[in-house]
Amino acid sequence: MLEGLRAYRMIAGMWVRAGMTYRVSFVVTLFGNLVMTGMDFAGILLMFSQVDSLAGWSLPEVAFLYGASVTSFGLAHLAAGSMPHLGRRIRDGSFDVLLVRPVPVLAQVGGDQFSLRRLGRFVQGGAVLGWSLVAADIDWTVAKVLLVPLMVVSGAAIFVAVFVAGAAFQIYAQDAAEVQNAFTYGGTTMLQYPPSVFGKDLVRGVTFVLPLAFVNWVPAAHVLGRPYPLALPGWTAFASPLVAAGCCALAGLAWRTGLRSYRSVGS
């Protein structure tokens, strides 16, 4: 693992130095990413200009969900946002090049085309999260203060696991980037809204099958004093790190299984 992290750091650093060669382009693109990701929250603000609450949730409470989801996804996207491009590498045969290098393949795929421009999503989500913490009526305790950063980091780890699992699936499907995006980009969009606006079957699916609910829905229920999704017990608000560890372990297993079963395209 340490070798993989070192290799990832070196590959990411190479791409950062290459990206910073054109500083004006970097700043413009970073600002553009920040603005584009902010359009989702602009839609929420527009909706709340017509209603006072969404399924009983106020604007600051929905902003808390939005900020937590986007900040966690922003961290994961920064670290593993190149994973969806694996299918293209498999189709054009360049994935075989990664296999013969004396570097862990996952580190090469994760660090490939690393870009600080992706920070725009994280910064924008963090700004909304910070505002919501001030605007929402939260009865602060030590546990809630500690839970907020723990929720963000654990949520990022869950999204990274989804990125890795999606990459493993692409080894079999070869052209499944959009399927992967449905669970990553689609997942973070869904989590921006209260669970009460979705059907119970969907909430069960993202709680017990693909546990995206532990990115923000479950811990946010404790922080905001809202009912827990599916009437889960109170201790589940602090289960996000365990869920994240389990997701990462399963994603790692899926990656190793996919890598062992890989057959070159022959080009």
Side-chain angles (χ1 to χ4, degrees), residues 1 3-22 25-26 29-30 32-33 36-37 72-122 156-190 206 209-210 212 247-267:
M1 179 178 292
E3 180 186 356
L5 291 174
R6 179 175 176 273
Y8 175 87
R9 187 182 74 248
M10 293 178 65
I11 295 170
M14 177 190 68
W15 282 102
V16 168
R17 289 191 295 272
M20 294 301 291
T21 302
Y22 304 98
S25 174
F26 166 76
T29 307
L30 177 62
N33 287 342
M36 290 300 296
T37 56
S72 293
F73 182 77
L75 280 175
H77 188 249
L78 178 66
S82 299
M83 292 290 183
H85 303 308
L86 179 61
R88 187 186 68 239
R89 277 192 170 275
I90 292 175
R91 292 192 302 274
D92 65 19
S94 61
F95 184 60
D96 292 19
V97 177
L98 306 184
L99 297 175
V100 299
R101 292 173 179 168
V103 178
V105 179
L106 185 59
Q108 296 182 70
V109 175
D112 187 34
Q113 299 183 28
F114 182 92
S115 177
L116 288 178
R117 297 183 178 96
R118 301 173 189 155
L119 276 173
R121 186 186 303 272
F122 170 75
I158 292 173
F159 275 123
V160 167
V162 176
F163 272 115
V164 173
F169 176 71
Q170 289 200 63
I171 294 177
Y172 296 99
Q174 298 185 8
D175 189 14
E178 294 305 319
V179 175
Q180 182 174 354
N181 291 342
F183 293 98
T184 51
Y185 292 94
T188 187
T189 300
M190 179 187 65
V206 297
V209 181
L210 182 65
L212 295 178
C247 288
C248 289
L250 290 174
L253 178 62
W255 173 259
R256 289 191 294 271
T257 301
L259 207 58
R260 285 195 295 267
S261 64
Y262 173 72
R263 297 294 180 268
S264 175
V265 295
S267 61

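Everything numeric here is computed off the predicted structure, so don't read it as measured data.
At least one donor-acceptor pair under 3.5 Å links the side chain of Ser261 to the backbone N or O of Gly258. In this structure, the side chain of Gln108 engages the main chain of Leu98 through a donor-acceptor pair within 3.5 Å. For the pair Gln113 (side chain) and Ser82 (backbone), a donor-acceptor distance under 3.5 Å is absent.
Ring centroid separation for the pair Tyr185 and His77 comes in under the 6.0 Å cut-off.
The number of heavy atoms from other shown groups lying within 6.0 Å of OH (Tyr8) is above 12. Within 6.0 Å of CE in Met36 there are 12 or fewer heavy atoms belonging to other residues, nucleotides or ligands.
Across all their heavy atoms, Ala161 and Cys248 have their closest contact at CB-N, 3.8 Å. Between Ala168 and Ala254, the closest heavy-atom pair is CB-O, 3.5 Å. Scanning both residues, Ala107 and Ile11, for their nearest heavy atoms gives O-CD1, 4.0 Å. Closest non-hydrogen pair, Ala165 versus Ala251, comes out as N-CB, 4.1 Å.
To the nearest 0.5 Å, the span separating CZ on Phe122 from CG on Leu78 amounts to 8.5 Å. Within the model, atoms CD1 of Ile171 and OG1 of Thr257 stand 9.5 Å from one another, a figure rounded to the nearest 0.5 Å. Remark: Thr184 OG1 to Leu212 CG distance equals 9.5 Å, nearest 0.5 Å.
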**Request:** Please lay out, stage by stage, how Met83 and Leu106 fare under the test side chain to side chain contact (heavy atoms under 4.5 Å, CB included).
**Result:** CA-CA 9 Å; Met83 292 290 183; Leu106 185 59; 3.4 Å; yes

**Message:** If you apply the rule side chain to side chain contact (heavy atoms under 4.5 Å, CB included), what do you find for Gln180 with Phe169, and how did you get there?
**Reply:** CA-CA 8 Å; Gln180 182 174 354; Phe169 176 71; over 6 Å; no

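The side chain to side chain donor-acceptor pair (under 3.5 Å) check on Arg89 picks up Ser94, Asp112, with sequence neighbours excluded. In terms of the side chain to side chain donor-acceptor pair (under 3.5 Å) criterion, Arg17 has no residue partners (sequence neighbours excluded).
Listed by first then second residue, pairs satisfying ring pair (Phe, Tyr, Trp, His ring centres under 6.0 Å) with a partner in residues 81-115 read Phe95-Tyr262, not counting sequence neighbours.
Side-chain contact between Phe159 and Thr188: present, with at least one pair of heavy atoms (C-beta onward) separated by less than 4.5 Å. Between Arg118 and Thr37 the shortest side-chain heavy-atom distance does not fall below 4.5 Å. Annotation: side chain of Val105 is in contact with side chain of Trp255 (closest heavy-atom distance under 4.5 Å).
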